[in-house]
Participant: 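Would you mind keeping the following structure in view while I ask a few things?
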Number of protein chains: 2
Amino acid sequence: MLHDPAQLDLMFQALADPARRQMVDRLSRGPASVSQLAEPLAMSLSAVVQHLNVLEASGLVRTEKLGRVRTCQIEPQALRAAEHWINERRLAWERRLDRLGDFLAEAKDES
Amino acid sequence: MLHDPAQLDLMFQALADPARRQMVDRLSRGPASVSQLAEPLAMSLSAVVQHLNVLEASGLVRTEKLGRVRTCQIEPQALRAAEHWINERRLAWERRLDRLGDFLAEAKDES
DNA sequence: TCGATACTTAAGCACTCACTTCACTATTGC
DNA sequence: GCAATAGTGAAGTGAGTGCTTAAGTATCGA
């Protein structure tokens with residue numbers, strides 16, 4: 001369920017925005033309320049809530065409301081899924097380069 | 001030069017589109033020409049070229065033109081930069097959870 | 001040299017995104 | 001109860017995205 005293209009879409013799209021990355025960065029240092037997330041950002045609270053909704057829809061962030069304050073935290077599994085997608089492609093490419101190197105080395109030995 | 005926010009922006013934005021991720025996926029298995037990249041995609045060649053320009057601007061893909069064919073390959077360093085950003089945030093969060101766990105365990109020992 | 005191939009560029013169009021403001025609904029503390 | 005706090009929801013706007021078609025240019029192969 002974490003590896004379907006639609007979810008990856010949402011995650012990378014969520015990470016594409018600098019304000020949202022800043023929010024993730026803040027949350028990586030511990031949970032925060034909506035206002036705390038908004039504080040360093042030069043935009044309305046409303047805009048922050050909209051960003052937060054994007055992050056939540058992507059699965060990168062989980063929130064819980066207690067009384068009037070909504071507390072947000074990172075969902076590390078989702079981060080891991082995005083990381084994994086990139087890692088697999090990079091490794092595939094690097095393994096390919098290695099095999100190519102081996103092939104060229106062998107070809108040289110035989111000449 | 002690889003870690004500035006603007007470059008990360010371009011990379012995550014590039015990866016946010018399914019067609020572009022499919023292109024990266026294809027390229028992770030080896031270099032390809034523009035037409036080869038376009039072949040499995042249900043869109044005009046022109047659209048593919050535009051996607052390719054986005055990928056190239058992001059630094060994720062490097063292209064080289066020989067005669068009339070443009071050959072594309074993955075730039076693994078850029079992939080690594082995106083991977084690294086995610087990894088650092090995830091690890092920060094997980095280390096935090098670990099410390100919290102230790103604290104709770106200690107508190108329990110002392111009770 | 002001439003037609004086919006492999007892009008390239010530009011213009012245009014529908015749709016989405018990142019905001020804004022304004023009005024509104026819980027909670028909380030005094 | 002009432003003001004302050006914390007967040008929510010809707011409507012609007014301007015800029016950006018993802019395509020399309022159409023009209024190029026450059027190169028290759030016979």
Side-chain angles (χ1 to χ4, degrees), chain A residues 5-27 30-75 82, chain B residues 5-27 30-74 78 82:
Chain A
Q7 196 69 16
L8 277 173
D9 238 53
L10 291 174
M11 283 192 286
F12 283 119
Q13 222 158 82
L15 292 173
D17 188 275
R20 285 192 297 259
R21 276 209 310 286
Q22 203 176 325
M23 291 165 75
V24 169
D25 189 48
R26 166 63 189 80
L27 289 176
S33 70
V34 176
S35 326
Q36 283 175 325
L37 279 181
E39 195 264 328
L41 298 170
M43 64 179 72
S44 71
L45 187 64
S46 205
V48 172
V49 170
Q50 288 171 60
H51 280 306
L52 186 55
N53 290 339
V54 172
L55 286 169
E56 202 171 9
S58 78
L60 286 165
V61 164
R62 186 161 48 89
T63 76
E64 197 180 358
K65 193 155 183 174
L66 270 171
R68 62 183 164 175
V69 20
R70 185 165 156 204
T71 309
C72 315
Q73 5 180 325
I74 279 198
E75 198 64 76
Chain B
Q7 197 69 13
L8 277 173
D9 237 53
L10 291 175
M11 284 193 285
F12 283 119
Q13 219 159 86
L15 291 173
D17 188 275
R20 285 193 295 261
R21 274 207 313 285
Q22 203 176 327
M23 292 166 75
V24 169
D25 190 48
R26 166 66 188 79
L27 289 175
S33 70
V34 175
S35 325
Q36 285 175 322
L37 279 180
E39 196 263 328
L41 298 170
M43 65 180 72
S44 71
L45 187 64
S46 202
V48 172
V49 170
Q50 288 170 60
H51 280 306
L52 186 56
N53 290 340
V54 172
L55 285 169
E56 201 170 11
S58 78
L60 286 166
V61 165
R62 188 161 45 92
T63 77
E64 196 181 359
K65 192 153 186 177
L66 272 171
R68 64 184 160 172
V69 18
R70 184 163 156 205
T71 308
C72 315
Q73 9 178 319
I74 279 197

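Reminder, nothing fancy here: chain letters follow the sequence lines and each chain counts from 1.
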Participant: How many angstroms lie between atom SG of A:Cys72 and atom CD of A:Glu64, to the nearest 0.5 angstrom?
Facilitator: 10.5 Å
Participant: Take atom CG of B:Leu55 and atom P of D:dT17, then tell me their distance rounded to the nearest Å.
Facilitator: 14 Å
Participant: Going from CE on B:Met23 to CD1 on B:Ile74, what distance comes out if it is rounded to the nearest 0.5 angstrom?
Facilitator: 11.0 Å
Participant: For A:Arg20 and A:Gln13, indicate whether the former's side chain and the latter's backbone hold a donor-acceptor pair under 3.5 Å.
Facilitator: yes
Participant: Can you find a side chain N or O atom of B:His51 that sits less than 4.0 Å from OP1 or OP2 on D:dT17?
Facilitator: no
Participant: Hey, could you give me the CG/CG distance between A:Leu27 and A:Leu52, rounded to the nearest 0.5 Å?
Facilitator: 8.0 Å
Participant: Figure out the CG/P separation between B:Asp17 and D:dT17, and round it to whole Å.
Facilitator: 11 Å
Participant: On DNA chain C, which is the earliest and which the latest nucleotide, 5' to 3', with an atom closer than 4.0 Å to a heavy atom of chain A?
Facilitator: C:dC17 to C:dT28
Participant: For the helix from C:dT1-D:dA30 to C:dC30-D:dG1, how many degrees between its two end axes (five pairs per end), to the nearest 10°?
Facilitator: 30°
Participant: Determine the contact category for B:Gln13: base if any of its heavy atoms lies under 4.0 Å from a base atom, sugar-phosphate if only primed atoms, P, OP1 or OP2 are that close, otherwise nothing.
Facilitator: sugar-phosphate
Participant: Step by step, would you call A:Val24 with A:Leu55 a side chain to side chain contact (heavy atoms under 4.5 Å, CB included)?
Facilitator: CA-CA 9 Å; A:Val24 169; A:Leu55 286 169; 3.8 Å; yes
Participant: Rounding to an integer number of Å, can you tell me how far A:Asn53 CG sits from D:dA10 P?
Facilitator: 11 Å
Participant: Sort me out a list of protein N/O and nucleotides 21-24 of chain D N/O pairs below 3.5 Å, or just none if empty.
Facilitator:
from	atom 1	to	atom 2	distance (Å)
D:dT21	O4	B:Ser46	OG	3.1

Participant: Would you say A:Gln7's side chain and A:Ser58's backbone share a donor-acceptor pair under 3.5 angstrom?
Facilitator: yes
Participant: Work out which heavy atom in B:Ala82 is nearest to a heavy atom in B:Leu8; give both atom names and the distance.
Facilitator: CA-CD2, 4.2 Å
Participant: How many angstroms lie between CG in B:Leu45 and CD in B:Gln50, if you round to the nearest 0.5 Å?
Facilitator: 10.5 Å
Participant: Where is the tightest heavy-atom contact between A:Pro40 and A:Leu37, given as atom of each residue plus distance?
Facilitator: CD-O, 3.3 Å
Participant: Closest approach of A:Leu15 and A:Arg21, non-hydrogen atoms and distance?
Facilitator: O-NH1, 2.8 Å
Participant: Checking B:Glu56 now: which residues fulfil salt bridge (Lys or Arg N to Asp or Glu O under 4.0 Å) with it, not counting sequence neighbours?
Facilitator: B:Arg70
Participant: With sequence neighbours excluded, what pairs up with A:Arg62 under the salt bridge (Lys or Arg N to Asp or Glu O under 4.0 Å) test?
Facilitator: A:Glu75
Participant: Whole Å only: how far is the CG atom of B:Leu66 from the P atom of D:dT27?
Facilitator: 11 Å
Participant: So which of residues 68-75 of chain A are in contact with DNA chain C, with a heavy-atom cut-off of under 4.0 Å?
Facilitator: A:Arg68
Participant: Write down the atom of B:Ala57, the atom of B:Leu10, and the distance for their closest heavy-atom approach.
Facilitator: O-CD1, 3.8 Å
